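Comments concern the structure below.
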Amino acid sequence: MALPEPKQESQLRLIKKYPNRRLYDTKTSSYITLADVKQMVLKQEDFQVVDAKSGEELTRQILLQIILEEEQGGLPMFSSDLLSQLIRFYGNAMQGMMGTYLEKNIRAFHDIQKSLQEQSTRMYGDNARGTHDLWAQFMNLQGPAMQSLMQAYMEQSQKMFAQFQDQMQNQARNMFTGMTFPGFPQPTKSDPEKK
């Protein structure tokens, strides 16, 4: 079985992870920490982490480690209930779709945030510190309104997902109507005279 080749892009930064858990940045020819990788993410730099010995792709594992560290320090983003719900999707028939669903929702949220920041920059110029302070003030004043907006967005998103799930179940039922499967109850035909 051939190992996956690292992405071959000119600006892709290759990070090698050694058995001693150290990360080596081939661009700077130096060892780096998870905090350095986090900075690459924040700067939107393209990078890939591979096992130095086997060449196995490890980028997702490193990103998950960063999320774990962020969750352990400061204010966590994920509640225990949300994490429990996410765990329940592993092994579920909807697992692949859930990942895509979450990714699209986060991308939409990011696009909204980016749009608001661009509007702020147009209104107040490129004064980064001033813009940051204005955003902090705005969020403090508008926090409840933004929370309400996000709650409505999440509820709508949840309803859409539930509708999609219902449609998938109905399509599956229609596709397999008349087929019998061991261990599953036989469908009952409704009596037209009882209607």
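Predicted model only: the values in this text are computed from it and were never measured. As a basis for the values below, the full set of heavy atoms in this structure was taken, side chains included, without hydrogen atoms, waters or symmetry mates.
- Taken to the nearest 0.5 Å, the NZ atom of K17 stands 12.5 Å off from the CZ atom of R22.
- Residues L82 and M97 share a hydrophobic cluster, clusters being chains of Ile/Leu/Val/Met/Phe/Trp/Tyr side chains in contact below 4.5 Å.
- Of all non-hydrogen atoms in T59 and Q48, the two that sit nearest each other are OG1-CA, 3.5 Å.
- The shortest distance between side-chain heavy atoms of K16 and L14 falls below 4.5 Å.
- Listed by first and then second residue, the side-chain hydrogen bond (donor to acceptor under 3.5 Å, both in side chains) pairs that reach into residues 61-80 are K38-E70, sequence neighbours excluded.
- The shortest side-chain heavy-atom distance between M98 and Q95 does not fall under the 4.5 Å cut-off.
- Side chains of R13 and T26 form no contact here, defined as non-hydrogen atoms less than 4.5 Å apart.
- Both I67 and M77 are assigned to one and the same hydrophobic cluster, defined by single-linkage of ILVMFWY side chains at heavy-atom distances under 4.5 Å.
- For the residue pair S84 and D81, no side-chain donor N or O sits within less than 3.5 Å of a side-chain acceptor on the partner.
- Note that CZ of R88 is 10.5 Å distant from CG of L83, once rounded to the nearest 0.5 Å.
- Residue pairs meeting the ring pair (Phe, Tyr, Trp, His ring centres under 6.0 Å) criterion with at least one partner in residues 73-105, sequence neighbours excluded, are Y101-F161.
- Under the ring-ring contact (aromatic ring centres under 6.0 Å, His included) criterion, Y24 pairs with Y31, sequence neighbours left out.
- The nearest pair of heavy atoms linking D36 to T33 is OD2-N, 2.9 Å.
- A 4.5 Å side-chain heavy-atom check between V50 and I15 finds every atom pair outside the cut-off.
- Without hydrogens or angle criteria, S29 side chain to D25 main chain gives no donor-acceptor distance under 3.5 Å.
- Here the closest heavy-atom approach between residue V37 and residue I66 is recorded as CG1-CD1, 3.7 Å.
- By the 4.5 Å heavy-atom criterion applied to side chains, V41 and F47 are counted as neighbours.
- For the atom pair OG1 of T100 and CZ of R107, the computed distance is 9.5 Å after rounding to the nearest 0.5 Å.
- Here the CD1-NZ distance, from I32 to K27, works out to 11.5 Å after rounding to the nearest 0.5 Å.
- Of the possible polar contacts, none joining the N105 side chain to the L102 backbone as a donor-acceptor pair under 3.5 Å is found.
- With rounding to the nearest 0.5 angstrom, the CG atom of L34 is 9.5 Å from the CG atom of L63.
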